[in-house]
Amino acid sequence: MTAAALANRLAGLNIAVRLIESEEIGTVGVGEATLPHIRAFNTTLGISEPELMRATEATYKLGIEFCDWGRIGDRYIHPFGNYGPIDDAIPFYHQWLRLRGMGDAGRLDDYSYPIVAAEQNRFRHPASEAGRVESSFGYAYQFDASLYAAFLRRYAERRGVERIEGRVVDVALDGENGNVRTVTLADGRVIGGDLFIDCSGFRGLLIEGALQSGYDDWSQWLPCNRAVAVPTESRGPLGPYTRATARTAGWQWRIPLQHRVGNGHVYCSDFISDDEAQQQLVDNLDAPMQAEPRRLRFTTGRRRDFWKRNVVAIGLAGGFLEPLESTSIHLIQDGITELLGLFPDEGFAAEDVDEYNRRMALHYERVRDFLLLHYVATQRDDSPMWRHFRALTLPDSLQHKIDTWRTRGYIVPYQFGLFLPPSWVAVMLGQGLVPDAFDPRVAGIEAGALAKRAAALRAEIADAVRATPDHADYIRQSPAAAGLAA
């Protein structure tokens, strides 16, 4: 992603981009779900959606279904869209809270077109006519991350990036300023540069191994530290959503692609053994495995400095937060976007470095808080892990967010931060965290008029979804089809 973005944005400038990677090492490649923001990344690069989807065996994604998080048996969808009309002076969920007290609300989910469409395995692109319920939602992709990497590698090479096959075995620092001067490959080649971007994964070969940035360990809040992943055959309806099912010591993901389904179990080794976690995953698969399960280890947190001297760490080299809300690829995108906005000259101004680190710290911390919300907005106490979260002291930033919500359903907005208020509403109400009051302006709306309007909106969404094509059929009949069987 970084090489492709640099090739695109630095085109025509006297800047050479070299990409060093090793086929020996490979990639983690288990993250297969994205957020709508990736469409802006691809569009900026001039990548066509059908070409991308064919190359990566992608499906469309309208949101994430969460099962058993608030209580066992509960389910809700975090949608890529708002609830109710987006132009209301008072957010619609406040109106729903009043209707709920009157016993005439129905589900909040019924007021979201992407949720109702996802539940019925339907998809279409957003309508161009403003005001229609089919126009006010976003979508993302569920794809094979390894195929996406290969696709972008070809993109970068076609635009002048020099790819060098090799494994870095040594790093030389400048004796005067401490910058990385060269890297040495296993075959003896020495490669120099002005700016080095560390995409070496958890190891952080340059940012940590050479420059010792340090790491802020967030295991106290996000203790899941291992995962086991396995692909299965694709069977049954093709859902336009990712599923995250809470388990006794973690959670299980399910991501449907055109040619297979990605599955995995993220868990905390303090509460379950590796063998038990793998067996729990295998026991809950809904189709035959296509490979042997693969185990991963990680420590949630971030580098203390994402940018240090002439090295910028992007992706896993910069930090890792468990993939509960499909944020891993998005945080890569954030790192690239912020770097391009603060692209340095050879002086590496301290103010630019500090601003980059400030922004990236906010991106990571606010994703951390949103992920942690899923674990603490719960009534579960059926296993040691859930009891651990029930007794947890939260970061002040998250506690403040929850406190303001409990009082009157207010979501504190962010200037920097991935998740907008509707996302927080989806998780809080979806997991049973209902505020004590709603916006007092709603009380001024006549009750009968409010109920009538809500019923009309539910009916409009239901009619729109009935007219929406089946997700699998929509892909088959489009240029995006690749491995999807009839």
Side-chain angles (χ1 to χ4, degrees), residues 28-33 35 64-70 72 78 145 201-202 215-230 242-255 262-285 293-303 315-331 363-395 398 418-419 427 430-431:
V28 172
V30 299
E32 296 169 317
L35 296 173
I64 305 171
E65 181 185 48
F66 289 91
C67 301
D68 299 337
W69 284 84
I72 294 176
H78 168 199
F202 295 127
Y215 194 80
D216 285 339
D217 185 335
W218 287 346
S219 298
Q220 60 178 312
W221 295 307
L222 295 174
C224 287
N225 56 1
R226 299 188 184 181
V228 56
V230 66
T242 298
R243 178 179 297 138
T245 303
R247 300 297 182 201
T248 56
W251 59 277
Q252 180 175 334
W253 78 73
R254 184 184 187 278
I255 307 172
N263 305 270
H265 184 191
V266 176
Y267 60 96
C268 177
S269 60
D270 290 345
F271 302 115
I272 192 172
S273 72
D274 294 339
D275 289 341
E276 289 174 314
Q278 179 168 314
Q279 192 60 50
Q280 194 173 92
L281 170 65
V282 171
D283 290 345
N284 286 285
L285 296 175
R294 179 184 178 192
R295 295 181 180 181
L296 302 165
R297 297 189 178 195
F298 53 85
T299 301
T300 54
R302 66 169 182 87
R303 300 290 171 200
L316 299 181
F320 181 74
L321 302 177
E322 59 174 86
L324 181 60
E325 283 277 359
S326 309
T327 56
S328 295
I329 290 177
H330 179 80
L331 287 169
H363 287 309
Y364 272 77
E365 287 165 13
R366 287 172 173 171
V367 170
R368 175 203 66 195
D369 285 359
F370 189 63
L371 300 186
L372 179 54
L373 173 67
H374 296 67
Y375 288 100
V376 298
T378 185
Q379 290 79 53
R380 290 190 60 167
D381 62 358
D382 53 285
S383 69
M385 186 195 77
W386 293 107
R387 290 191 286 274
H388 164 83
F389 281 111
R390 293 287 293 270
L392 189 66
T393 299
L394 306 184
L398 177 57
L418 167 58
F419 294 105
V427 177
Q431 296 188 196

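Along the sequence shown, residues are numbered consecutively beginning with 1.
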| note | For Gln279, the side chain to side chain donor-acceptor pair (under 3.5 Å) test, sequence neighbours excluded, returns Asp283
| task | Only pairs at least two apart or in different chains count here, so list each salt bridge (Lys or Arg N to Asp or Glu O under 4.0 Å) that has a residue in residues 363-373. | result | Arg302-Glu365
| Counterpart residues, ring-ring contact (aromatic ring centres under 6.0 Å, His included), relative to Phe370 (two or more places apart) | His78, His374, Phe419, Trp424
| request: Compare every heavy atom of Met385 with every heavy atom of Ala249, then report the nearest pair and how far apart it is. | output: C-SD, 3.2 Å
| message | His265: which residues meet the ring-ring contact (aromatic ring centres under 6.0 Å, His included) condition with it, sequence neighbours left out? | response | Tyr267
| ring-ring contact (aromatic ring centres under 6.0 Å, His included) partner of Phe320, chosen from Tyr215, Tyr364, Phe202 | Phe202
| task | State, without any angle test, whether Asp217 and Ser219 hold a side-chain donor-acceptor pair at a distance under 3.5 Å. | result | yes
| query | Does Arg380 have any salt bridge (Lys or Arg N to Asp or Glu O under 4.0 Å) partners at least two apart in sequence or in another chain, and if so, which? | reply | Asp382
| Judged by atom type as modelled, is there a donor-acceptor pair below 3.5 Å linking the side chain of Asn225 to the main-chain atoms of Ser269? | yes
| remark: Distance col, row Arg247:CZ vs Cys67:SG, nearest 0.5 angstrom, shows 8.5 Å
| Residues forming a side chain to side chain donor-acceptor pair (under 3.5 Å) with Thr327, sequence neighbours excluded | none
| Would you find a donor on one side and an acceptor on the other, under 3.5 Å apart, between the side chain of Thr300 and the backbone of Leu222? | yes
| query | Within the side chain of Trp386, is there an N or O that forms a donor-acceptor pair under 3.5 Å with the backbone of Gln379? | reply | no
| field | For the student: nearest non-hydrogen atoms of Glu32 and Ile255, plus distance | value | O-CG2, 4.0 Å
| query | What residues, two or more places apart in sequence or in another chain, satisfy salt bridge (Lys or Arg N to Asp or Glu O under 4.0 Å) together with Asp381? | reply | none
| remark: With sequence neighbours left out, the residues meeting side chain to side chain donor-acceptor pair (under 3.5 Å) with Trp69 are none
| Contacts of type ring-ring contact (aromatic ring centres under 6.0 Å, His included), residue Phe389, not counting sequence neighbours | Tyr375
| request: Hey, could you give me the CG/CG distance between Leu418 and Leu331, rounded to the nearest 0.5 Å? | output: 7.5 Å
| task | Could you list the residues that satisfy salt bridge (Lys or Arg N to Asp or Glu O under 4.0 Å) with Arg226, not counting sequence neighbours? | result | Asp274
| note | Heavy-atom closest pair (Ser326 atom, Ile64 atom, distance to 0.1 Å) is OG-CD1, 3.9 Å
| field | Of Leu373, Val427, Thr242, Val367, the residue whose pairing with Glu325 passes side chain to side chain contact (heavy atoms under 4.5 Å, CB included) | value | Val427
| Who passes side chain to side chain donor-acceptor pair (under 3.5 Å) against Asp216, sequence neighbours left out? | Arg304
| Test salt bridge (Lys or Arg N to Asp or Glu O under 4.0 Å) applied to Arg390 - qualifying residues, sequence neighbours left out | none
